[in-house]
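As the structure lists them, so they are numbered: ligands from 1, and atoms in each ligand from 1. Nothing here was measured: the structure is a model prediction, and the numbers come from that model.
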Amino acid sequence: MNQEIPMAIPDLSGNEQKYASEAVASSWISSIGPFIKRFETEFAESCNCDYALGTSSGTTALHLAVSGLGLKPGDEVIVPSLTYISTANAVTYCGATPIFVDVDPATWCIDPTKIEAAITNKTKGIIPVHLLGHPADMDPIVNLATTHGLWVVEDAAEAIFARYKGRLCGSLGNAAIFSFFGNKVLTSGEGGAVSCNDIHLKNRLSQLRGQGMDPNRRYHFPIIGFNYRMTNVAAAILCAQMERRDEILARRKEIVKLYDQQLATIPGIYVRTNASWATVSPWLASCIVNPDIFGCDRNELAKGLRAEGIDTRPLFEPIHRMPPYREAAKQRKTELPTTDRLADYGLMLPTYPQLSNDQVLFICERIREHGTGSNLQLPSRISCMQWLRAA
Ligand SMILES: Cc1ncc(COP(=O)(O)O)c(C=O)c1O
């Protein structure tokens, strides 16, 4: 097999082109049009929420949500560092400070047992991220938030239709955000959404999203808002994606399961075990490379795979080590050992519905061949969690 395998290819094989063309033909290509209402209604229903508002991206959805909840300069928000930079940037856009808390070695999501120590009298909220489609342990997070009078915004950008104890992600906090970037489970190229159940919050978010315009007086702006609206063309594409959501999810689940089965047999490669209460929405398959057993490190493996046409991505570079945040994190003596270990050894692998089982097997075989671990006499197999805990 000699082929280029990218990290992601959007699956636009349903009515995407038809609906987008309909939007163009109707001339409703900006942020008013029938597909927007249809998408928002269907998406809210499928997240078991009363309301969903389409936005121009997951990042703008996050900024909108925290702004709508009243975040202001001087405030603090508790976030994981092992996530995409938007989670922290949305807090920073408001002049507030993201406070980084370590992740749980079992779920790779924010560790609820570490949150309380990070709460101060400036803390206003918590943004748990459902990383790589695995829900964060929400009950203790919501309980802590209730005890301390904080809001919770779920960052479900990577976890569309994931479930926590049977309940849909997106319906578990005060608000939730989603991303429809080209590599996500549902996509419109660029796009996002905020979901919530509170009519007052929904009305405020709606006004803020539309530049702050008075809903009862056109072109009168009593507050400063943003232009974070979704276009009718993006919503048209998403309506088509929604029609095939079960099919898309089922295929992604098969792919990630096959990866996990194969990778778990390679010495020195660990995969995350799903929590018993988690119904994962498989975004990107991922693994941890233990170089001492595998025989080479994550970066060497990625380079080797690249040479064979297989694209990969390191697991998120943690935000507390990025230039805009590292000085403040150092001053706060931020120590996130599990985050650091996952970030240094984790690798994300190509995952998209059109990837064939043969391609997944090919990728896993190439990974196996890069390791020398199969020649080693292993003392005993340890799980991903044991290895992370040993950090
Ligand atoms: C966890 C997380 N939050 C937020 C975002 C931001 O979404 P977008 O790229 O649509 O702005 C992403 C996107 O990759 C993400 O993975």
Side-chain angles (χ1 to χ4, degrees), residues 6-8 10 39 43 52-67 77-94 98 100-101 103 107-110 125-136 138 141 152-162 164 169-170 172-173 175-195 209 226-231 234-235 237-238 241 252 272 280-286 313-320 322 324-325 339 342-343 346 348-352:
M7 281 300 289
F39 169 67
F43 191 68
L53 294 176
T55 59
S56 51
S57 71
T59 306
T60 55
L62 260 173
H63 184 212
L64 185 65
V66 294
S67 302
V77 178
I78 292 172
V79 298
S81 173
L82 189 73
T83 171
Y84 188 59
I85 190 100
S86 308
T87 315
N89 278 354
V91 173
T92 307
Y93 297 159
C94 296
F100 300 108
V101 163
V103 293
T107 64
W108 306 5
C109 299
I110 196 164
I126 307 169
I127 309 182
V129 177
H130 304 310
L131 199 79
L132 299 165
H134 189 298
M138 289 300 290
I141 295 172
V152 175
V153 173
E154 295 170 74
D155 184 338
E158 302 170 7
I160 303 167
F161 309 135
Y164 172 73
C169 289
L172 308 169
I177 73 92
F178 301 87
S179 166
F180 307 124
F181 182 66
N183 62 11
K184 294 298 190 301
V185 170
L186 297 184
T187 185
S188 49
E190 296 280 1
V194 186
S195 63
R209 178 182 64 169
F226 321 104
N227 176 359
Y228 284 171
R229 296 175 297 247
M230 173 177 275
T231 67
I237 295 171
L238 284 165
Q241 293 265 289
R252 292 185 85 100
R272 176 169 66 181
V280 172
S281 170
W283 181 46
L284 295 179
S286 56
R313 235 175 98 177
L315 202 66
F316 295 103
E317 183 178 341
I319 304 176
H320 75 286
M322 301 265 199
Y325 294 100
T339 297
L342 280 164
M348 303 197 279
L349 301 166
T351 313
Y352 45 94

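Looking at residues two or more places apart in sequence or on another chain, you find a side-chain hydrogen bond (donor to acceptor under 3.5 Å, both in side chains) between H320 and S81, D340. In this structure T351 satisfies the side-chain hydrogen bond (donor to acceptor under 3.5 Å, both in side chains) test with no other residue, sequence neighbours excluded. Evaluation of the side-chain hydrogen bond (donor to acceptor under 3.5 Å, both in side chains) rule for S281 yields no partner, not counting sequence neighbours.
Using a heavy-atom distance under 4.0 Å as the criterion, the protein contacts of ligand 1 are S57, G58, T59, T83, Y84, S86, T87, V129, D155, A157, E158, S179, K184, G191.
Inspection of the Y325 and T92 side chains reveals an N or O donor paired with an N or O acceptor under 3.5 Å.
Within the 4.5 Å cutoff, no side-chain heavy atoms of L349 are placed close to those of L284. Proximity of V66 to I127: side-chain heavy atoms (C-beta onward) are separated by under 4.5 Å at one or more points.
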